[in-house]
Q: 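One structure, pasted below without further comment.
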2 protein chains.
Amino acid sequence: MQTPTLRDVADAAGVHPATASRALNPATRGLVNAETARRVMKVAEGLGYRPNPMARGLKTAKSATVGLVIPDLTNPLFPPIVRGIEDVLEPAGYSGLIVNTDNDPQREQAQIELLRSRQVEGLIVATALLDHPLMAQLQREGVPMVMVNRRPDGLDIPSITPDDAAGIEMAVAHLADLGHRRIGHLAGPASTSTGVARRRAFRNAVRDRDLDVDPALVVTCEHWTEESGAAALRRLLDARPDVTAVVAGNDLIALGCYDVFSERGIDCPREMSVVGFNDMPFLDKLAPPLTTLAIPHQQIGAEAARMLLDAIAEPDRAARSVLLPLSLVVRGSTAPPA
Amino acid sequence: MQTPTLRDVADAAGVHPATASRALNPATRGLVNAETARRVMKVAEGLGYRPNPMARGLKTAKSATVGLVIPDLTNPLFPPIVRGIEDVLEPAGYSGLIVNTDNDPQREQAQIELLRSRQVEGLIVATALLDHPLMAQLQREGVPMVMVNRRPDGLDIPSITPDDAAGIEMAVAHLADLGHRRIGHLAGPASTSTGVARRRAFRNAVRDRDLDVDPALVVTCEHWTEESGAAALRRLLDARPDVTAVVAGNDLIALGCYDVFSERGIDCPREMSVVGFNDMPFLDKLAPPLTTLAIPHQQIGAEAARMLLDAIAEPDRAARSVLLPLSLVVRGSTAPPA
DNA sequence: GGTCAGGCTGCACTCGATTGCAGTGAGCGG
DNA sequence: CCGCTCACTGCAATCGAGTGCAGCCTGACC
């Protein structure tokens, strides 16, 4: 015999399958005589009985599965988040199904379709695309959802995001404290919510501190990549050669800066300071080790999973959004201006 | 009405559900009138019909799901492999369920249990533990399996592994060509198959080249971590201060070496060369950029997924194992001895 | 002693798709 | 004109678990 079925357990315990079902389900166990329930459970244990999730799911229309929609698992940003999610999901008896969208709307739609056909009970979405009719539609259809790392504009969807504004604020404060006055910002793409949020935060931070607010000090990158970061820094340096520090939109952009430093013979941090954003792994091994803002990735994932489970349990609760604090990790890429 | 069911499609097309089922399934489509089939398919399309995988799975005992057993998704080694796997699985209509074992046998067993209770049709296993009764048991039970990154000893399980021996051989050849004669090896833990395989390959390589074969030149690390790597290098330097190059068991161990270099004021690569193994992301940003062996991670994953699908389709085919070639990426951490 | 309540248990149907078997009807050959 | 074959379609059972409803039995109360 392969895996034992409920009927096997019932037969072995000398009861009807219905009784066995009730005895095994904690929610309905009260309907069964305590003695009988104990016996059934013991028999089930002995036989190594495992309920067939498909049969159960068929009847209950639940799959104990949630979909994780991320751009690319290969991006070091996501594994810790996924880990955080799964660590919460698992004890709750849920599993996560991961799909990669490569930030391609077409692919994103297809993958979400796939998840829905797999009967996921909810979605954790980490794609960075800004406007998205698909989101609104899912929202209308009542699919429980949580967004991580980006805030839905207009839509009433719960989200977990790092407190970008506070982070940028800390970075600027750190540089200002070191004595920098002309600080540049290499902003992320304007099509991403984090890109615009950080850029706005930067503008506010320099204004509040009476630092140089020249718009030429803010350059927007085309993508969140080293190449874009390098290109942006070149433009910045061409426009304002007197800049002494830059706040990069994220670590990859900061890495692009390193390339420009060696290309133009700039000594970091003596001649120019850089602050990254995200605290990717191994940044402490760079030369110089990158000062950056650490995001509690795992915690973000865990929080998102908890919120999704809540949303699944109580579909019509108000969307609640959470900003998680981040911390500035000071390493070797920042120093007082020459 | 929520998602339409097969019955809805059948009603709308004016046929019996059985006929609709046959028309929609490519394998049985030949049994129904071509015209009818076309009509049913059109109606299904129009209604946006998606078969319920649970109902189907219940009847067919298939889940279109495979389990991916990895130690820790957070380890940069695995995301590319997972990506490669999913890229193959997806077009085949399969999905992967990821579990993290943290290399803890207890957890591993529990997680595999979980996967089985979720009715996965096969397993891709990437855990690094050597002896494992669980593998043998699964094997006996006829669970289709493929291992990646390690070879099962004794068991007849297909595996996909990088050609460790050839890689180490290339590393040693590279260093020897540069003029190194006293080369050390910081081996991975003896409890892992890759650890022992690479160590053996190293011994052979230095022997074949008439280099220094002193056993003191080979030090075994406790774990695949920076700390262990640093500790191992310290021991090596204490025993043989005249060593001019080291081949690290993997990149993390090599990173540990960097710590010792700065700790003892050793100039890499002028005074000592290092070669890593794996080509983790961003190694090119280190100071100096790490010379290492690049593993075709994504390709490994893709190949593993293909083999698993084969094994699921034809359960009793002979286990076939594949060694994938790797390539030496020469960067700045290797140079002729002083 | 009779009646009623309530605790347990069993029956039977349901979820949605698949599939062996039976049945219908058309077409063709004798 | 009859009978047989073959192509197609419908019926009904099945997968494993969950659940409304009915019925049994016991115990308590009048």
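All figures in this text were calculated on a predicted structure; none of them were measured in a lab. Per chain, numbering begins at 1; letters A, B, ... match sequence-line order.
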Q: Output a table of nitrogen or oxygen pairs between the protein and nucleotides 22-24 of chain D separated by less than 3.5 Å.
A:
none

Q: Let me check something: any side-chain donor-acceptor pairs from residues 60-71 of chain A under 3.5 Å, sequence neighbours excluded? List them with distances.
A:
residue : atom : partner : partner atom : Å
A/T60   : OG1  : A/R56   : O            : 2.8
A/T60   : OG1  : A/K62   : N            : 3.4
A/S63   : OG   : A/T65   : N            : 3.4
A/S63   : OG   : A/Q119  : O            : 2.5
A/T65   : OG1  : A/S63   : O            : 3.0
A/T65   : OG1  : B/R118  : NH1          : 2.9

Q: Just one of A/T74, A/N75, A/L73 clears the side chain to side chain contact (heavy atoms under 4.5 Å, CB included) bar with A/N100, so which one?
A: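 One option only clears the test, and that one is A/L73.
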
Q: Can you give me the bend angle of the helix from C/dG1-D/dC30 to C/dG30-D/dC1? Use the axis through the first five pairs and the one through the last five, nearest 10 degrees.
A: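 Inter-axis angle at the termini of the helix from C/dG1-D/dC30 to C/dG30-D/dC1: 60°.
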
Q: Under the side-chain contact (heavy atoms from CB on, under 4.5 Å) rule, what do A/L77 and A/N149 come out as? Steps first, then yes or no, please.
A: CA-CA 10 Å; A/L77 191 65; A/N149 261 5; 3.7 Å; yes

Q: Can you find a pair of side-chain heavy atoms, one from A/Y94 and one from A/L309, that are under 4.5 Å apart?
A: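 A/Y94 vs A/L309: side chains touch.
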
Q: Please list all pairs meeting side-chain hydrogen bond (donor to acceptor under 3.5 Å, both in side chains) that have one or both residues in residues 15-37 of chain A, counting only residues at least two apart or in different chains.
A: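 Listed by first then second residue: A/E35-A/R38.
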
Q: Side chains of A/V146 and A/I157: closer than 4.5 Å at any heavy-atom pair?
A: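 No - every pair of side-chain heavy atoms lies 4.5 Å or more apart.
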
Q: Listed in order of residue number, which residues of residues 113-123 of chain B have a non-hydrogen atom at under 4.0 Å from DNA chain D?
A: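 Per residue number, the list is empty: none.
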
Q: Whole Å only: how far is the NE2 atom of A/H16 from the P atom of D/dT19?
A: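 So the NE2-P distance, A/H16 to D/dT19, works out to 15 Å.
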
Q: Heavy-atom distance under 4.5 Å between the side chains of A/T5 and A/N52, does that happen here?
A: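 No; the side chains remain at least 4.5 Å from each other.
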
Q: Under a 4.0 Å heavy-atom cut-off, which of residues 28-46 of chain B touch DNA chain C?
A: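 None, since no heavy atom is under 4.0 Å.
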
Q: Which pairs, protein N/O on one side and nucleotides 26-28 of chain D N/O on the other, fall under 3.5 Å?
A:
none

Q: Are any protein N/O atoms closer than 3.5 Å to N/O atoms in nucleotides 14-18 of chain C? If there are, list each pair with its distance.
A:
residue : atom : partner : partner atom : Å
C/dT14  : O2   : A/K59   : NZ           : 2.8
C/dG16  : N2   : B/A55   : O            : 3.3
C/dA17  : OP1  : B/Y49   : OH           : 2.8
C/dA17  : OP1  : B/N52   : N            : 3.3
C/dA17  : OP2  : B/T5    : OG1          : 2.9
C/dA17  : OP2  : B/L6    : N            : 2.3
C/dT18  : OP1  : B/R56   : NH1          : 2.7
C/dT18  : OP2  : B/S21   : OG           : 3.0

Q: Any side-chain heavy atom of A/E108 within less than 4.5 Å of one from A/V99?
A: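 Side-chain contact under 4.5 Å: no.
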
Q: Using salt bridge (Lys or Arg N to Asp or Glu O under 4.0 Å) as the criterion, list what pairs up with A/E303, not counting sequence neighbours.
A: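 Checked A/E303 against salt bridge (Lys or Arg N to Asp or Glu O under 4.0 Å); matches are A/R306.
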
Q: Are any of the side-chain heavy atoms of A/L24 and A/P51 separated by less than 4.5 Å?
A: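 Sidechains of A/P51 and A/L24: no contact.
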
Q: Is any side-chain heavy atom of A/L138 closer than 4.5 Å to one of A/R116?
A: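 SC-SC contact between A/R116 and A/L138 confirmed.
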
Q: In the structure I gave you, are the side-chain heavy atoms of B/Q109 and B/T101 within less than 4.5 Å of one another anywhere?
A: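 Side chain of B/Q109 against side chain of B/T101, heavy atoms only: no contact under 4.5 Å found.
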
Q: Taking only residues at least two apart or on different chains, which pairs with a member in residues 39-55 of chain A satisfy salt bridge (Lys or Arg N to Asp or Glu O under 4.0 Å)?
A: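 Qualifying pairs, neighbours excluded: A/R50-B/E113.
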
Q: Find out whether A/D72 and B/R83 are in side-chain contact, i.e. whether some heavy atom of one side chain is under 4.5 Å from a heavy atom of the other.
A: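 In contact.
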
Q: Please indicate whether B/R107 has more than 12 foreign heavy atoms, meaning atoms of other residues, nucleotides or ligands, lying under 6.0 Å from its CZ.
A: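 Atom CZ in B/R107 is packed in, count exceeds 12.
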
Q: According to salt bridge (Lys or Arg N to Asp or Glu O under 4.0 Å), who are the partners of A/E86, at least two apart in sequence or on a separate chain?
A: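 Salt bridge (Lys or Arg N to Asp or Glu O under 4.0 Å) list for A/E86, sorted by chain: empty.
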
Q: Please list, chain by chain and in numerical order, all residues satisfying salt bridge (Lys or Arg N to Asp or Glu O under 4.0 Å) with B/R320, sequence neighbours excluded.
A: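 Partners of B/R320 under the salt bridge (Lys or Arg N to Asp or Glu O under 4.0 Å) test: B/D310.
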
